[in-house]
Amino acid sequence: MQYNKTSIQKKRIQLHSKHKRMRSSFSLLAIRVFLLLVLVVVVAGGGFLYGSIQGILETVPVTSSLEPNYSATIIYDDSGEQVQVLSDYSSNRIIIESDDIPSNLKYAFIAIEDERFYEHNGVDLKGIIRAGITALFNGAATEGASTLTQQLIINITFDVGGETNFIAKVKRKIQEQYLAIEAEKQYSKEEILTNYLNTINLGKGTLGVEAAANYYFGKSASELTLSECAVLASITKNPSKLNPVDHPEENQARQVIILKKMYKLNYISSEEYNDALNDDVYSRISQNQTNQDQQAVYSYFTDALITQVVEDLEEQYGYTQTQAYELVYRGGLRINSTQSTELQNIADSVINDESNYPVDTEYSLEYDLTITHADGTSTSYTERDVRDYYREQTGNSDYNTIYSTKKKMKKAVRKFKKAMLDDTDSVESEEIRYALEPQLSYSLIDQSTGEVKVLVGGRGEKQDNLALNRATSLTRQPGSTFKILSTYAPALDTGGMTLATVFDDAPYEYEDGDEVTNSNPDEYHGLTTIRDAIIESNNIVAVKALTEITPQVGYDYLLKLGFTTLVSDRTTSSGTVETDVTQALCLGGITDGVTNLELTAAYAAIATKGR
């Protein structure tokens, strides 16, 4: 362009022309309309976003507490020592207080999970930006940005993994961050950290650092070394693939990373760092697993204790059975039992010593088999079916499922299973167990207090929890032990007799005409005192004494001694009337029998002068 007078004048005319002014006005209007539309979109989008977030926050789950919902119940013996932990999949945790958690354990988790824990307000913006940049470069999210507070909120409130789409995940994330910020306003950092350490999944079914320390190292978290602290902190990223029992090498690789971060953040010194690296911690974990396996099945005493606590919760507090069991396994109870661990160990040792039994010990089959058929239906079998099968096959109506060797037992089971299976069938489940024969039960009570000190519900390895407890649940005929309880005790206490009272040991019949005999049916001793009758376990004197005080008095006395399995008047389906109020009561000839524990308790009452 030439900048002379003519050209400038020409340009001025162009700029002020009507056409130019109209085009400029239109352009300006277009710009204004565009900006207005942008503003409307922004406002509308912002309003929509605000409304969406408000809607999301209005549906935030209610979090009344950051404490774990469930925790394990612990049983202690009579000296205050822990003997058993009761839990299920949701409660295998033992709550530990902040003061009992080592600093190294806290720092190990902070170092690897949330190094700015003490700086942020529940949401770590730096961590979010870092994770976002890393995701852009890697093409996928490889780093987490959730703080310890957020992780605690997730564990307590959300069912993570149940989201069906991206929107659901975003919704949960917004709610999680909101609750984390709110939590930081209500709780101190130490409270949040302690609840987090009591909540997290640390593999092998353990929840929280105390249960994990017990499982992996056989001690409290308060006693953990630096290297052990780093082992536990290594598990959190993937509890199934980083637990030190199944994957020690993978766990150790992450443990080294944690120790380096702890050193970098000045939580530990170089000397502590090197000592921890050189600690052979994984061999200790391996050794401790043997003890864990031994404690997997509860003792007979624990079984009986659980049953009693559940019954008490139902009867005394109105719990349903389901509620009672949930409280026992999830309620974090502390139960002080009467068990003497020292005496229990002695009893278990003697009772399970094979040298104390005949050489021809046998094996009683306990069997469960479920077969699935081609049409989708299934059939279940037990040891009774095995018995019935062989009775039919052999024609031996006395065949039972007791074998001289385990080899013969397994051979019989294999043959039975083969006979039950068709070509199109498949085995859904099969479990073979056995009980040693002869069996026994044992109870020990401190008569001065009434406390049960020892229970043994059977001989041999206990294979199941809440299994048959022969000491508390199985009834047997008490035989001559009932002479004292049903006859002589009430005779001396209320019948006006003494140990010097005399009865004639001579031929005698029950009221129905059946003969009463002693152990030697052809031997009689004539006039015999109760004292001598007790010594000799004389049947005739016992029957005569009970007849004199009446069977009803003897029966009522047994009820006062605590027996619960006696029959007063029961009509069977065939119309027969059953009762234990008979002359045979004194010899233990009763309908259902009694349990070992109740029999022991009755004699304990005599030993403590009737209490």
Side-chain angles (χ1 to χ4, degrees), residues 443 445 447-448 450 474-572 576-611:
S443 305
I445 291 179
Q447 76 279 3
S448 65
L474 198 64
T475 56
R476 287 288 182 266
Q477 296 300 322
S480 290
T481 61
F482 246 36
K483 291 173 183 174
I484 300 292
L485 303 173
S486 68
T487 303
Y488 297 131
L492 298 174
D493 190 23
T494 65
M497 300 182 191
T498 70
L499 290 173
T501 299
V502 174
F503 288 91
D504 188 9
D505 177 17
Y508 187 68
E509 294 179 350
Y510 290 112
E511 292 176 351
D512 62 3
D514 289 340
E515 184 180 9
V516 182
T517 61
N518 292 320
S519 56
N520 186 342
D522 299 322
E523 185 175 310
Y524 303 95
H525 299 89
L527 296 178
T528 303
T529 64
I530 288 180
R531 177 182 286 107
D532 289 336
I534 292 173
I535 294 172
E536 297 167 1
S537 190
N538 188 293
N539 291 344
I540 293 174
V541 172
V543 175
K544 286 186 174 182
L546 180 63
T547 302
E548 183 168 324
I549 65 172
T550 75
Q552 187 65 55
V553 169
Y555 178 89
D556 292 342
Y557 206 85
L558 290 169
L559 296 182
K560 292 179 181 179
L561 286 170
F563 289 102
T564 61
T565 58
L566 302 180
V567 176
S568 174
D569 185 2
R570 184 171 69 193
T571 301
T572 66
T576 304
V577 177
E578 298 175 329
T579 180
D580 292 332
V581 188
T582 67
Q583 290 172 293
L585 177 66
C586 65
L587 306 183
I590 57 180
T591 307
D592 295 336
V594 297
T595 66
N596 182 306
L597 183 59
E598 290 186 350
L599 187 62
T600 305
Y603 270 95
I606 293 176
T608 189
K609 300 181 180 180
R611 285 193 300 112

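Here the CG atom belonging to Leu561 is positioned 11.5 Å from the CG atom belonging to Asp556, to the nearest 0.5 angstrom. Here Asp532 contributes atom CG and Phe503 contributes atom CZ; the two are 13.5 Å apart, rounded to the nearest 0.5 Å. Between the OG1 atom in Thr571 and the CD atom in Glu578 there is a gap of 8.5 Å [rounded to 0.5 Å]. Distance check: Thr591 OG1 to Leu566 CG gives 8.5 Å after rounding to the nearest 0.5 Å. A distance of 10.0 Å separates CG of Leu558 from CG of Leu599, quoted to the nearest 0.5 Å. For the atom pair OG of Ser486 and CD1 of Ile549, the computed distance is 7.5 Å after rounding to the nearest 0.5 Å.
Between Ile590 and Pro478, the shortest heavy-atom contact is CD1-CD, 3.7 Å. What you find for Ala533 and Thr528 is that their closest heavy atoms are N-CG2, 3.8 Å. Between Thr487 and Ala545, the shortest heavy-atom contact is CG2-CB, 3.6 Å. Contact record, Ala500 with Thr529: O-CG2, 3.9 Å, taken as the closest heavy-atom pair.
Applying the salt bridge (Lys or Arg N to Asp or Glu O under 4.0 Å) definition to pairs two or more places apart or across chains, those involving residues 583-602 are Arg570-Asp592. A side chain to side chain donor-acceptor pair (under 3.5 Å) check over residues 501-517, counting only residues at least two apart or in different chains, returns the pairs Asp505-Asn518, Asp505-His525, Asp505-Asn538.
Between Leu499 and Ile534, the closest side-chain pair of non-hydrogen atoms falls below 4.5 Å.
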Please test Val541 against Tyr488 for side chain to side chain contact (heavy atoms under 4.5 Å, CB included), starting from the C-alpha separation and ending with a verdict. CA-CA 10 Å; Val541 172; Tyr488 297 131; 3.7 Å; yes

Please test Gln583 against Thr547 for side-chain hydrogen bond (donor to acceptor under 3.5 Å, both in side chains), starting from the C-alpha separation and ending with a verdict. CA-CA 6 Å; Gln583 290 172 293; Thr547 302; 2.9 Å; yes

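Every residue two or more places apart in sequence or in another chain was checked for a side chain to side chain donor-acceptor pair (under 3.5 Å) with Asp569, and none qualifies.
When ring centroids are compared, Phe563 and Phe482 come within the 6.0 Å threshold.
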